[in-house]
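In this text, all values refer to a predicted model and were calculated from it rather than measured experimentally.
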Amino acid sequence: MIKKITAVFLIFNFSFTIVSKADEGMWLPLLLKQLNESDMQRNGLKLSAEDIYSINKSSLKDAIVQFNGGCTAEVISDKGLILTNHHCGYGQIQAHSSVQNDLLTNGFWAMNQSEELVNAGVTATFIVRMEDVTSKVLAGITDQMGDAERDKKINEAIVQIQKEAVTGTRYAAFIRPFYYGNEYYMFITETFTDVRLVGAPPSSIGKFGGDTDNWIWPRHTGDFSIFRIYANKNNEPANYSADNIPYKPKYVIPISMKGVESGDFTMVYGFPGRTTEYLSSYAVNMIMNQSDPDKVKIRNTRLQIMDQAMKGSDAIRIQYAAKYAGIANYWKKWQGEINGLKKLDAISKKEQFEKSFLLNVNASNDARNKYGNLFTDFEKKYKELSILNKQRDYYYEAILGVEAISYTSSFYDVIEGLYAGKKINDYEKEIDKLKSNMKVFFKYFNASTDEKIAIALLKMYSEDINKKDQPEIFSIIEKKYHGDFSKYAQEIYAKSIFVSEDKMNKLFQNFGRNYKKISKDPMYKLMQSCYSKFLKDIKPQYTALDVDVTKLNRAYMKGMRELITDKKYYPDANSTLRVAYGKVNGYFPRDGVFYDYYTTLEGLIEKENPLVDEFMVSPKLKELYLKKDYGKYADKNGELRVAFCASNHTTGGNSGSPVLNGEGQLIGTNFDRDWEGTMSDIMYDPNQVRNIVLDVRYTLFVIDKYAGAGYLLNEMQIAN
Ligand code: ARG
Ligand code: ASP
């Protein structure tokens with residue numbers, strides 16, 4: 001494309017790459033033909049857009065699965081086998097583990113279909129099709145309309161369109177806003193609910209490097225696990241039944257054994273969760289200078305306490321493994337994000353962009369009327385929002401970081417309803433649900449660890465949040481316990497029923513009578529004070545401001561697309577199906593240092609440390625290494641490659657996504673990003689942002705040579 005260069009565009013281009021350049025962007029599959037096909041082909045794609053997404057024939061999209069709501073997986077056999085990350089299947093692997101039969105530590109392999117493990121509640125969702133419904137959703141919406149009326153009309157339209165789309169089918173439909181509500185797309189989905197665990201490597205492979213290496217390149221983690229989708233006899237979704245049969249997919253991704261070289265075209269097809277690439281400088285300032293640091297500080301404390309408890313007991317280690325990994329993951333990501341934004345000088349880049357945007361705005365009366373006040377409005381709103389955002393962060397991270405409090409809060413609606421005069425019969429369903437949740441909660445709960453966390457977090461809250469903004473209970477703690485949080489916690493953990501499975505069982509034996517005592521329960525009182533403060537003084541104000549800010553963002557987004565037209569704008573990630581494409585490529589993380597684009601088993605062995613859990617290597621893997629028994633999985637020079645990195649723009653939710661070569665063959669499974677590039681959710685930098693991919697040949701090597709489950713390879717389409 002030949003760029004039209006004007007003074008304004010010069011400033012713009014040199015100041016900030018807010019929109020698509022090279023490898024940036026997460027694109028909507030149905031728009032690839034129009035927006036990306038030729039660019040992708042120029043960069044090495046051999047397929048057509050229609051091969052990637054089609055509603056007329058089976059295409060790659062039919063092999064892409066949203067795994068359990070938060071990850072991606074890909075179909076790799078015509079018997080419903082799907083490949084995702086170890087960390088995506090982690091909860092299921094943990095759920096089947098016990099101290100005696102520790103699948104986390106030992107791994108698991110079904111040696112035939114009857115050995116596969118059934119998982120309650122796991123879902124695998126396919127996208128049947130997607131549709132631009134902007135004009136339908138926004139029909140009758142005018143600029144003069146008030147916010148409340150606008151929202152009401154839009155929501156009514158959404159409900160109606162969704163309903164019409166799927167009535168009489170087995171599908172579901174959802175509509176999401178794109179570009180802050182400038183556009184709307186509908187997704188028709190089919191969700192399978194019988195998804196069984198087929199295999200997972202031991203943590204020493206699947207989580208090698210653990211939290212130390214998490215978000216880090218170079219990487220040696222064999223981060224994969226395998227599941228199988230089951231369907232009823234008609235190949236339709238069905239809940240678990242012994243009669244179910246392996247799902248017959250519409251499309252199976254062939255696997256390449258060729259590996260990758262620097263510069264190769266790659267694409268990632270999956271479900272990125274959330275990015276905010278078009279924020280104002282005021283928003284970025286709030287995130288990097290307040291919100292991220294606050295959340296990091298709170299999680300630091302939680303993690304330290306959990307870590308100690310886990311090191312002291314195997315039972316607690318297994319109980320807390322997934323929770324710990326989850327908390328540690330974003331704790332670390334936010335730190336990388338702060339660093340990356342600083343290094344990019346993100347705020348001043350945004351400010352410069354805003355200046356150049358304003359130049360465009362001021363070039364016409366019409367634009368000035370529409371967008372002239374945008375940044376003064378942003379500034380004002382973010383001043384107010386920052387105060388509430390801090391209270392909200394502390395509520396979610398510090399108050400609800402105490403598990404007993406967040407657990408107790410799940411009783412709030414029922415208990416308050418009953419006290420307000422509702423009948424126990426009105427809540428039958430809710431009470432049943434609370435009862436079944438109880439089992440899960442206590443399976444993963446250790447009261448004395450939580451008590452320690454409560455002491456630390458309540459104290460931190462009382463120190464960091466203005467007195468006038470604290471829930472009433474804090475002044476009671478001050479008066480009655482002279483601010484001694486240990487004493488307070490000791491008392492409530494000793495007396496409350498909510499931290500004891502026995503006592504909770506008794507509650508449920510006769511809920512109708514026993515609930516009456518709950519108002520006196522000290523944990524309930526603590527939760528009640530915090531939660532009602534949140535409901536009364538934080539949530540409504542925060543929500544109102546958030547609505548205002550969204551409205552400003554909608555206008556800003558519209559203005560950018562209207563006034564700066566030599567760019568392609570991709571919509572922020574919102575857990576819908578996207579394609580990212582880029583190139584295999586190393587990078588310079590720091591002055592004088594270059595990171596190559598791939599890692600090997602040799603490098604894994606170099607990291608071995610038998611004294612540190614995260615870096616232990618199993619004897620079997622060591623033996624294969626010593627014998628160089630890599631079979632056909634070795635690279636042409638005899639090395640066994642473990643991982644590679646590329647410049648695809650990805651985010652949380654892309655884990656488990658297939659990484660494909662120009663022919664559309666599987667070359668690896670996406671599982672992470674590099675430390676220097678974790679700010680890509682807010683600002684992408686082609687020089688620093690890399691997605692981290694498990695080389696599929698290592699996956700096959702582990703299945704075949706390490707686990708002896710090579711029979712699974714017979715189901716796959718392996719292209720040589
Ligand atoms: N950072 C990766 C992602 O965001 C992997 C997280 C799981 N691994 C871990 N060590 N906690 O999900
Ligand atoms: N590890 C992330 C995930 O689980 C991927 C990322 O944030 O890059 O989706």
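The pair Asp469-Lys390 fails the salt-bridge criterion, with no side-chain N (NZ, NE, NH1 or NH2) lying under 4.0 Å from an Asp/Glu carboxylate O. A salt bridge does not link Lys349 to Asp345: none of the charged nitrogens lies less than 4.0 Å from a carboxylate oxygen. A salt bridge links Glu397 and Arg302; the closest N-O separation between the charged side-chain nitrogens and carboxylate oxygens is under 4.0 Å. Salt-bridge check for Glu384 with Lys380: failed, with every basic side-chain N at 4.0 Å or more from each acidic carboxylate O. Arg673 has a carboxylate O that lies under 4.0 Å from a charged side-chain N of Asp681, or vice versa, which qualifies the two as a salt bridge.
The aromatic rings of Phe485 and Phe474 lie tilted to each other, with the angle between the two planes from 30° to 60°. Between Tyr570 and His649, the angle of the ring planes goes over 60°, which puts this pair in the perpendicular group of the 30/60° scheme. Between Phe534 and Tyr396, the two ring planes are perpendicular [angle over 60°; tilted spans 30° to 60°].
With respect to Phe375, the ring-ring contact (aromatic ring centres under 6.0 Å, His included) criterion is satisfied by exactly one of Tyr282, Phe353, Tyr556: Tyr556.
Scanning for ring pair (Phe, Tyr, Trp, His ring centres under 6.0 Å) contacts around Phe445 gives Phe441, Phe442, with sequence neighbours left out.
In the model, Arg578 has a side-chain atom that pairs as donor or acceptor with a side-chain atom of Thr576 under 3.5 Å.
Once rounded to the nearest 0.5 Å, the distance linking OH of Tyr394 with CE of Met460 reads 6.0 Å. Distance check, rounded to the nearest 0.5 Å: CG of Asn609 to CE of Met616 gives 9.5 Å. One distance of note links CG of Asn553 with CG of Asn182; it measures 10.5 Å at 0.5 Å rounding.
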Go through the steps for Asn285 and Asn289 under the test side-chain hydrogen bond (donor to acceptor under 3.5 Å, both in side chains), then give the verdict. CA-CA 6 Å; Asn285 182 34; Asn289 292 322; 2.5 Å; yes

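Relative to the six-membered ring of Trp215, Lys332 misses at least one condition, a distance below 6.0 Å or an angle of at most 45° to the axis.
No side-chain heavy atom of Lys558 sits under 4.5 Å from any side-chain heavy atom of Tyr179.
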